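Atom set for the values below is all heavy atoms of this structure, side chains included, hydrogens, waters and symmetry mates excluded. Values in this document were obtained by computation on a predicted structure and should not be read as measured data.
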Amino acid sequence: MNLMQWALLAILAIAPDALAQQPRIVFPPDSGVVDVTKPPYNAKGDGVSDDTDAINRALRDHNAGHDIPDNFMSWTIYFPEGTYLVSNTLEPKDPNNPKLNQSAVRFVGESRDKTIIKLKDHAEKFQQTDRPRYILRTGNEGGRQPNCGYGNYIQHLTIDAGKGNPGAIGVRFDVANCGAMDNVRILSNDADKAGHSGLAMMGVCGLGYVKNLTVEGFDRGIYLDKTSVNNIAFENITLRDQRRYGIENISKNIQILGLKSHNRVPALYLQAPLATTFLVNAQLEGIEGAET
């Protein structure tokens, strides 16, 4: 079965409640997707076992460096419902082969609210606020700039930064030309909503598309760094309870349709002249104690 057939099966496999707000995604047994709970990876998804190594082995075995006919095609790494406890970054990067093409990975959960990748509370490697670390990072080609991150997708899951992880970034999304994030929730469960940012887009990434994203907590809901790049599009974005900014855009060109910010802090902070931001149908709500 080729990758185009897999993609069609993914569409056809959406369960009957797909028209509801939160669809449940299932695949036929012979669809060819990589289920992280099956051999040889055997992730537990029980919220107790550390699944970091199991998931990373699946990611490193299935990216554009492994039998993908085209960089714009993607392997599907599937996460059935469960809580996948991790203690380090999940990424396709192979430490033994840093030049390997590491893009073309599709992370797909069974359902957004019941498929959870959760960072261990007080994880040792996520304590430094001046050296933030990603919980999940999509790949790019051979370790080069993110504008080689073709065919990366994240869909239908939750990233939970846990408690006591002030240096955590929920997701660094490297994407270019073909790839998207859809129906994803990123949250900090810390009492103080600590964490560097929920979503970070850094370096020369783009074109990129992020849709139906909710970020709860963190210093920044969305962080875009100083590297100037065009055309990162966002649609239906909800931001709540950030500590510094809903969105901090240092120098990227972005477009947002349907931004909802429910915050005490500024919804949007644009730092440099090239941080051009287009808002359409935005709802920016300041709650009690909001900054003026």
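Residues Thr158 and Val184 form no side-chain contact, since every pair of their non-hydrogen atoms from C-beta on lies 4.5 Å or further apart. Looking only at side-chain heavy atoms (C-beta outward), Val105 and Thr138 stay at 4.5 Å or farther from each other. Between His156 and Glu110, every side-chain heavy-atom pair lies at or beyond the 4.5 Å cut-off. A 4.5 Å side-chain heavy-atom check between Glu81 and Arg24 finds at least one atom pair inside the cut-off. Leu59 places none of its side-chain heavy atoms less than 4.5 Å from the side chain of Gln102.
Note that OG1 of Thr76 and CD1 of Ile25 are 11.0 Å apart. Values are rounded to the nearest 0.5 Å. In this structure, CD1 on Ile237 lies 9.5 Å from CG on Leu257, to the nearest 0.5 angstrom. Note that OG1 of Thr89 is 9.5 Å distant from CD1 of Ile169, once rounded to the nearest 0.5 Å. The line from CG of Leu119 to OH of Tyr134 is 15.0 Å long, rounded to the nearest 0.5 Å. Atom CD1 in Ile135 sits 9.5 Å away from atom NZ in Lys118 (nearest 0.5 Å). Taking CG from Asn63 and CD1 from Ile77, the interatomic distance works out to 8.5 Å, rounded to the nearest 0.5 Å.
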Q: Apply side-chain hydrogen bond (donor to acceptor under 3.5 Å, both in side chains) to Gln22 and Asn183, showing your working.
A: CA-CA 8 Å; Gln22 292 302 328; Asn183 196 28; 3.2 Å; yes
Q. Passes salt bridge (Lys or Arg N to Asp or Glu O under 4.0 Å), Arg244 versus Asp219? Steps please.
A. CA-CA 5 Å; Arg244 294 184 62 182; Asp219 289 348; 5.2 Å; no
Q: For side-chain hydrogen bond (donor to acceptor under 3.5 Å, both in side chains), just list the numbers for Asp35 and Thr37, CA-CA rounded to whole Å, side-chain angles, deciding distance to a tenth of an Å, and then say yes or no.
A: CA-CA 5 Å; Asp35 185 331; Thr37 66; 2.6 Å; yes
Q | Working for side-chain hydrogen bond (donor to acceptor under 3.5 Å, both in side chains), residues Asn88 and Arg133 | A | CA-CA 9 Å; Asn88 204 349; Arg133 195 176 187 92; 2.9 Å; yes
Q) Checking side chain to side chain contact (heavy atoms under 4.5 Å, CB included) for the pair Tyr78/Val36: CA distance, chi angles, key distance, verdict? A) CA-CA 6 Å; Tyr78 181 60; Val36 298; over 6 Å; no
Q. Passes side chain to side chain contact (heavy atoms under 4.5 Å, CB included), Leu187 versus Val215? Steps please.
A. CA-CA 6 Å; Leu187 60 93; Val215 182; over 6 Å; no
Q | Stepwise side-chain hydrogen bond (donor to acceptor under 3.5 Å, both in side chains) check, Asn253 with Gln255 | A | CA-CA 7 Å; Asn253 184 314; Gln255 304 88 42; 2.8 Å; yes
(Q) The test is ring-ring contact (aromatic ring centres under 6.0 Å, His included); show your working for His196 and Tyr223 and say whether it passes. (A) CA-CA 9 Å; His196 180 279; Tyr223 174 72; 5.2 Å; yes
Q.
Checking Ile256 against Ile247 for the side chain to side chain contact (heavy atoms under 4.5 Å, CB included) test, could you report, in this order, the C-alpha distance in whole Å, the side-chain angles of both residues, the deciding distance, and whether it holds?
A. CA-CA 11 Å; Ile256 310 174; Ile247 298 173; 3.6 Å; yes
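With hydrogens and angles disregarded, a donor-acceptor distance shorter than 3.5 Å links the side chain of Ser188 to the backbone of Ala194. Listed for the Asp190 side chain is a donor-acceptor partner under 3.5 Å among the backbone atoms of Gly164. The backbone N or O of Ser87 lies less than 3.5 Å from a partner atom in the side chain of Thr52, making a donor-acceptor pair. Asn56 contributes a side-chain N or O that, together with a main-chain N or O of Glu91, makes up a donor-acceptor pair within less than 3.5 Å. Remark: the backbone N or O of Gly203 is paired with a side-chain donor or acceptor of Lys252 at under 3.5 angstrom. For Arg60 (side chain) and Lys93 (main-chain N/O), a donor-acceptor pair under 3.5 Å exists by modelled atom type. Proximity of a side-chain donor or acceptor of Thr115 to a complementary backbone N or O of Ser111 within less than 3.5 Å is detected. Distance alone, capped at 3.5 Å, is enough to place a donor-acceptor pair between the Asp121 side chain and the Lys163 backbone.
No single ILVMFWY cluster, assembled from side-chain heavy atoms under 4.5 Å apart, contains both Leu85 and Ile186. Under the 4.5 Å side-chain heavy-atom criterion for ILVMFWY residues, no single connected hydrophobic cluster contains both Leu239 and Tyr269. Residues Leu268 and Ile222 share a hydrophobic cluster, clusters being chains of Ile/Leu/Val/Met/Phe/Trp/Tyr side chains in contact below 4.5 Å. Clustering ILVMFWY residues whenever any of their side-chain heavy atoms sit less than 4.5 angstrom apart, transitively, puts Met202 in a cluster other than the one holding Leu199. A continuous path of hydrophobic side-chain contacts links Leu270 to Leu224 [ILVMFWY only; heavy atoms under 4.5 Å].
Under 4.0 Å is where a charged nitrogen must lie from a carboxylate oxygen, and between Lys260 and Glu285 no such pair does. Note on Lys44 versus Asp51: no salt bridge recorded, every NZ/NE/NH1/NH2 to OD/OE distance being 4.0 Å or above. Ion pair Asp50/Lys120 not flagged as a salt bridge, since none of the NZ, NE, NH1 or NH2 atoms sits closer than 4.0 Å to an Asp/Glu carboxylate oxygen.
Judged by the 6.0 Å distance and 45° axis criteria, Arg106 is positioned over the aromatic ring of Tyr153.
Atom NZ of Lys193 sits in a crowded spot, with more than 12 heavy atoms from other residues, nucleotides or ligands closer than 6.0 Å.
When all heavy atoms of Asn263 and Gly246 are compared, the pair lying nearest together is ND2-CA, 4.2 Å. Considering every non-hydrogen atom in both Ala180 and Val175, the closest pair reads N-CG2, 4.3 Å. In this structure, Leu213 and Met181 approach most closely via the heavy-atom pair CD1-SD, 4.0 Å. Pairing each heavy atom of Val210 with each of Met201, the nearest pair is CG2-SD, 4.4 Å. Among all heavy-atom pairs drawn from Gln127 and Asn165, the shortest one is NE2-OD1, 3.4 Å. Shortest non-hydrogen contact noted between Val34 and Trp75 is CG2-CE3, 4.5 Å.
By the 30° and 60° cut-offs, the orientation of the rings of Phe79 relative to Tyr84 is perpendicular.
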